[in-house]
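Since the structure comes first, as structure tokens, the remarks are kept for the end.
Start at 1 and go down the list; that is how both ligands and their atoms are numbered.
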Amino acid sequence: MIIVQKYGGSSVADTDRIKRVAERIAAAKQEGHDVVVVVSAMGKTTDQLTRQALDIAPIPSARELDMLLTAGERISMALLAMAISEQGLSVRSFTGSQAGIITDAEHGKARIIDITPGRITDAIGDGHIVIVAGFQGVSRDSKDVTTLGRGGSDTTAVALAAALEADLCEIFTDVDGVYTADPRIVPDARRLTQVTHEEMLELAASGAKVLQVRSVEYARNHGVRIHVRSSFTYQEGTWVEEDHVMEQAIISGVAHERGEGKLVVRRVPDKPGVAANIFTSLADANINIDMIVQNVSDDGTTDISFTLPIDDGPRAVQLLEGLRDAVGMEEVILDEQVGKLSLVGAGMKTHPGVAARMFSALSDAGVNIEMISTSTIRASVVVREPDLETAVRAVHEEFRLAEVAP
Ligand code: ADP
Ligand code: ASP
Ligand code: MG
């Protein structure tokens with residue numbers, strides 16, 4: 001049976017850890033499995049390479065940035081292959097392009113559109129352990145190397161598991177599963193035994209970066225079972241799957257996000273076409289908007305606020321300043337000191353009052369809410385960034401998420 005294992009950056013942060021991971025992979029092979037391993041860049045390599053690029057160019061060429069960043073995974077892949085070889089096992093490493101990961105040409109956030117894993121299946125057939133560099137692919141159109149966005153090695157792993165019809169996709173990381181909140185912020189957060197793709201998708205989309213959103217989307221669409229576990233222990237982790245759901249809790253967890261900013265467009269005319277004008281130009285610039293709030297009208301004008309990825313903030317301000325005359329706004333204010341908290345749970349569909357309870361918990365903790373948005377299984381609020389951790393703990397406590405659901 002084929003298993004796909006993915007090791008994240010902290011699991012291969014130095015050569016000692018790479019040797020440890022090699023032993024673990026060797027053990028899986030010796031148990032009789034065909035093993036395909038996806039590996040991330042060592043430790044903070046991707047951050048360091050990004051910083052170097054920004055030192056040289058404030059807006060580096062997207063093509064060259066992808067060339068640079070993919071080198072990180074190439075280093076860990078080759079070192080890991082050497083370490084496995086030292087275990088006396090045969091191994092072959094492949095870049096994303098060699099592994100047949102075909103993407104569109106969107107540098108920095110490319111989507112996988114096809115997988116042609118011929119070289120991988122051949123190598124497996126020859127008895128090799130296969131190592132694949134995560135987070136990267138190649139565009140069929142431009143023939144250029146692309147990256148899949150931060151955290152993209154998770155998606156490489158799930159996509160390969162689907163293409164190879166693997167029995168299992170194991171995501172090894174520095175926590176031993178998916179928790180009811182980020183365990184770094186909420187010390188009594190509880191590990192979930194099982195979470196459905198739908199809930200995991202909302203948690204990941206709301207900032208729980210233990211799995212990249214796209215990897216969960218891909219797993220849901222292709223029916224891949226994911227086991228999130230620690231590379232430091234042998235403990236059972238969290239299963240992301242639909243089968244035999246044991247824990248049907250109302251709330252699965254609290255997620256938080258620091259990577260978004262809030263943009264306020266002050267005093268725009270309150271008339272048809274204004275919102276369309278603003279959001280069409282942002283969409284045309286490929287800027288993803290998250291929450292949107294429009295205030296009640298006052299003397300024929302209103303304020304429109306929305307959240308967006310912090311990195312896109314300055315570009316969005318520039319764009320809106322350009323619309324000032326056409327739209328007739330008073331000013332555009334970018335606020336980077338915000339944080340978003342989301343409560344996620346499939347049971348919210350059938351249990352009214354969950355959001356109200358969350359607002360009361362925040363009020364008791366003295367946290368002011370600046371924006372609200374809800375979906376059928378999520379309630380999100382924007383708060384001041386310095387209040388974010390207090391807010392996460394208060395909501396976690398209010399819903400008693402540290403305790404196993406009755
Ligand atoms: P890797 O390098 O292995 O891909 P990441 O740093 O991308 O690891 O993801 C693991 C981190 O995700 C953990 O260290 C943890 O701080 C964070 N995290 C955020 N929310 C959660 C959650 N609900 N459960 C577990 N980990 C979480
Ligand atoms: N190395 C890439 C990153 O840091 C991809 C990954 O780790 O999944 O985002
Ligand atoms: Mg990750």
Side chain, backbone, both or neither: which part of R150 comes within less than 4.0 Å of ligand 1 when only heavy atoms are counted?
-> neither
Heavy-atom contacts with A181 under 4.0 Å: which atoms of ligand 1 show up? List them by number with element.
-> 22 (C), 23 (N)
Element-labelled atoms of ligand 2 that are located less than 4.0 Å from some non-hydrogen atom of S153 | 5 (C), 6 (C), 8 (O)
What protein heavy atom is closest to atom 2 (O) of ligand 1, reported as residue, atom name and distance in Å?
-> G9 N, 3.3 Å
Residues D387 and R384 bridged, charged N to O under 4.0 Å = no
for atom 13 (C) of ligand 1, nearest protein heavy atom and its distance come out as D174 OD1, 3.5 Å
Going by an N to O cut-off under 4.0 Å, is there a salt bridge joining E23 and K19?
-> no
For the residue pair T147 and D66, confirm or rule out a side-chain donor-acceptor distance under 3.5 Å.
-> yes
Can you tell me if G151 has a non-hydrogen atom under 4.0 Å from ligand 2?
-> yes
For ligand 1, indicate whether the residue V175 contacts it via side chain, backbone, both or neither (heavy-atom separation under 4.0 Å).
-> side chain
With backbone taken as N, CA, C and O and side chain as the heavy atoms from C-beta onward, which portion of S40 lies under 4.0 Å from ligand 2: side chain, backbone, both, or neither?
-> side chain
Test item, P183 contacting ligand 1 (heavy atom, 4.0 angstrom) = yes
Flag the pair R20 and D14 as a salt bridge only when some basic side-chain nitrogen lies within less than 4.0 angstrom of an acidic carboxylate oxygen.
-> no
Report the nearest protein non-hydrogen atom to atom 14 (O) of ligand 1: residue, atom name, distance rounded to 0.1 Å.
-> R184 NH2, 2.5 Å
Quick one: nearest non-hydrogen protein atom to atom 1 (P) of ligand 1, plus distance?
-> T173 OG1, 3.6 Å
If we only count N/O pairs under 3.5 Å, is D154 in contact with ligand 1?
-> no
May I ask whether G152 places a heavy atom under 4.0 Å from ligand 2?
-> yes
If you measure from each heavy atom of G177 to ligand 1, is any distance below 4.0 Å?
-> yes
Salt bridge or not for R24 and E170, using N-O below 4.0 Å?
-> no
Where on E73 is there a heavy atom closer than 4.0 Å to ligand 2, on the side chain, on the backbone, on both, or on neither?
-> side chain
For atom 7 (O) of ligand 1, what is the nearest protein heavy atom, given as residue, atom name and distance?
-> K209 O, 3.5 Å
H256 heavy atom under 4.0 Å from ligand 1 = no
Can you pull out the closest protein heavy atom to atom 23 (N) of ligand 1? Residue, atom name and distance to 0.1 Å, please.
-> Y179 O, 3.0 Å
Starting from atom 3 (C) of ligand 2, find the nearest protein heavy-atom neighbour and note its residue, name and distance.
-> R150 NE, 3.3 Å
Could a heavy atom of G253 be found less than 4.0 Å from some atom of ligand 1?
-> no
Who passes ring-ring contact (aromatic ring centres under 6.0 Å, His included) against Y218, sequence neighbours left out?
-> H222
Measure up the Y7 and F172 rings against each other and bin them: parallel (under 30°), tilted (30 to 60°), perpendicular (over 60°).
-> parallel
Are E385 and K262 close enough for a salt bridge, meaning some N to O gap below 4.0 Å?
-> no
